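For reference, the structure discussed in these notes is given below.
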Amino acid sequence: MKLHWAQAVRAVGLGLLAWLITRADWGQLHAYIAGANLHYLFIMPVFTVAMVAVRAWRWNRLLSVHGVAFSPCRAWTAYAAGVFLGVFTPGRLGDLAKALYARDERGLPWSQALAGAVLDRLFDVACMGLVALWALAHLGWMGDWGEGALSSGRGWALGGLFFAVGAGTWFAGRALLRSPSDRAPLGRLAAFLRRMGRQVGVLFRAAGKSALALTLLAYAIYFAQTICIARALYLPLSAADVVASIALVGLASFLPLSVAGLGTREGLLALIMAHRAVPESLEAALAYSALFFAFCFAVPGLLGFACFWARPLSLQALRGSASREFNAGEDV
């Protein structure tokens, strides 16, 4: 029943995408895509390879704290396989896959391997969250704080969402970490989080600065790629507008309302492009989203699939390892 419920929730995004497509002018949509500047599109795979390389370098830097780093080539292929599993599997197992590669191939204890993958993801979440906050201000959705801040209900609502998510996570974490018993499921989760917290803290203190620098480099490449997609379609958006749009799209992707962001991405892009008075904003949003999906999801996913095919993991073993670590008091 839980699985059916999760699938039903994810169908919301797909339903939204279908509704947007039915409202689009297909002639105008075809004109946008057919008129794309191919010179920009030819360099898209280069951006993809470079971005995965920098992120793999960051993850490998975290593993090097324990003295078990991969070779640069193997780190890239393992990270790319994790990208494939994170995007195209129902359980979004990419981070667990990276941890299992580190455990099985480098002999790292499971809790340390998982902590490296968790901290690697936290750098992405923190960076995207901060850029999304800037994006709300850039798009004028935070209200005019100089005069009449209450005039923007949309800005207050979005700001309230950020506050609610952050406050809820903080209070939930405090409650879990203070759980008196390690026997009940809540207590086991608290013990698991304590182990992860200690390992993540060790990694952050040892390699936090270099990992942060690599995070900034990775996102510079990522946003440059998204700006090139906009330029390929001749969209009348500034570079800052594109970065703001993609940051909010990235934030929305953390909501379990879709598969690979389909539907939520197109809806947000259409809203932002209409706000910026882009002609045929719905068709422009769909054209941009199609190229974004192709080069930021499909291409890295295909590369990752090839890497995963070369060194596959058992998804059942992957889930089992995570379950045992959650229930155990020691490393598995």
Side-chain angles (χ1 to χ4, degrees), residues 49-83 85-86 92-131 166 169-170 172-174 176-178 182 188-223 250 254 304 307 311 313 318 321-322 324-326 328-332:
V49 171
M51 184 173 60
V52 173
V54 173
R55 287 181 169 174
W57 184 5
R58 178 185 61 191
W59 173 56
N60 212 25
R61 174 68 184 92
L62 296 175
L63 294 180
S64 71
V65 172
H66 301 295
V68 293
F70 289 100
S71 68
C73 180
R74 180 57 189 138
W76 193 97
T77 56
Y79 203 96
V83 170
L85 292 171
R92 306 188 71 146
L93 301 172
D95 293 321
L96 291 178
K98 290 184 296 185
L100 195 58
Y101 278 127
R103 191 196 70 173
D104 289 352
E105 296 186 16
R106 309 307 296 170
L108 199 62
W110 177 247
S111 62
Q112 294 180 359
L114 186 58
V118 167
L119 183 56
D120 181 75
R121 173 54 64 93
L122 287 176
F123 274 110
D124 286 335
V125 173
C127 184
M128 189 63 77
L130 291 173
V131 178
T169 302
W170 187 77
R174 282 178 62 89
L176 288 170
L177 293 175
R178 290 180 175 181
D182 285 352
R188 290 199 299 271
L189 178 57
F192 173 80
L193 291 177
R194 286 195 292 269
R195 293 198 301 276
M196 286 299 98
R198 287 193 294 268
Q199 296 292 344
V200 167
V202 169
L203 294 178
F204 185 81
R205 287 190 294 272
K209 291 181 180 179
S210 57
L212 176 59
L214 291 171
T215 300
L216 296 177
L217 177 58
Y219 274 95
I221 297 170
Y222 176 61
F223 287 129
F254 290 107
C307 297
R311 295 195 184 183
L313 292 171
L318 186 57
S321 295
R324 288 192 299 273
E325 164 62 17
F326 171 76
E330 304 293 338
D331 288 337
V332 177

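Note that the coordinates shown come from a computational prediction; the quantities given were computed from them, not determined experimentally.
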Would you compute the distance between atom CG of N60 and atom CG of L214 and round it to the nearest 0.5 angstrom? 10.5 Å
Atom pair CD (Q112) and CZ (R103), whose distance is rounded to the nearest 0.5 Å: 13.0 Å
How far apart are the closest heavy atoms of A113 and A102, and which atoms are they? CB-CB, 4.0 Å
side-chain contact (heavy atoms from CB on, under 4.5 Å) between L203 and H66, worked out: CA-CA 9 Å; L203 294 178; H66 301 295; 3.4 Å; yes
Apply side-chain contact (heavy atoms from CB on, under 4.5 Å) to D124 and M128, showing your working. CA-CA 6 Å; D124 286 335; M128 189 63 77; over 6 Å; no
R74 NZ/CZ over Y79 ring centroid, <6.0 Å and within 45° of normal: no
Cationic tip of R106 above Y101 ring, under 6.0 Å, 45° of axis: no
Applying side-chain contact (heavy atoms from CB on, under 4.5 Å), run through V118 and D95 and close with a yes or a no. CA-CA 7 Å; V118 167; D95 293 321; over 6 Å; no
Using every non-hydrogen atom in the two residues, find where Y222 and M51 come nearest and quote the distance to one decimal. CB-SD, 3.3 Å
Note: D120 and L62 closest approach over all heavy atoms is N-CD1, 3.8 Å
Scanning both residues in full, the closest heavy-atom pair of A218 with R55 reads CB-CG, 3.9 Å
Taking all heavy atoms of K98 and all of G82, pick out the closest pair and write down the distance. CG-CA, 4.4 Å
Here the gap from L100 atom CG to L108 atom CG, rounded to the nearest 0.5 Å, amounts to 11.5 Å
Can you classify the ring geometry of F223 versus Y219 as parallel (below 30°), tilted (30 to 60°) or perpendicular (above 60°)? tilted
Taking atom types as modelled, find out whether R58 and T215 have a side-chain donor-acceptor pair closer than 3.5 angstrom. yes
For the CH2 atom on W57, are there more than 12 heavy atoms of other groups (residues, nucleotides or ligands in this structure) within a distance under 6.0 Å? no
Scanning both residues in full, the closest heavy-atom pair of L119 with F204 reads CD2-N, 3.7 Å
After noting the C-alpha distance and the side-chain angles of F70 and W59, does the key distance pass the ring pair (Phe, Tyr, Trp, His ring centres under 6.0 Å) rule? CA-CA 10 Å; F70 289 100; W59 173 56; 5.4 Å; yes
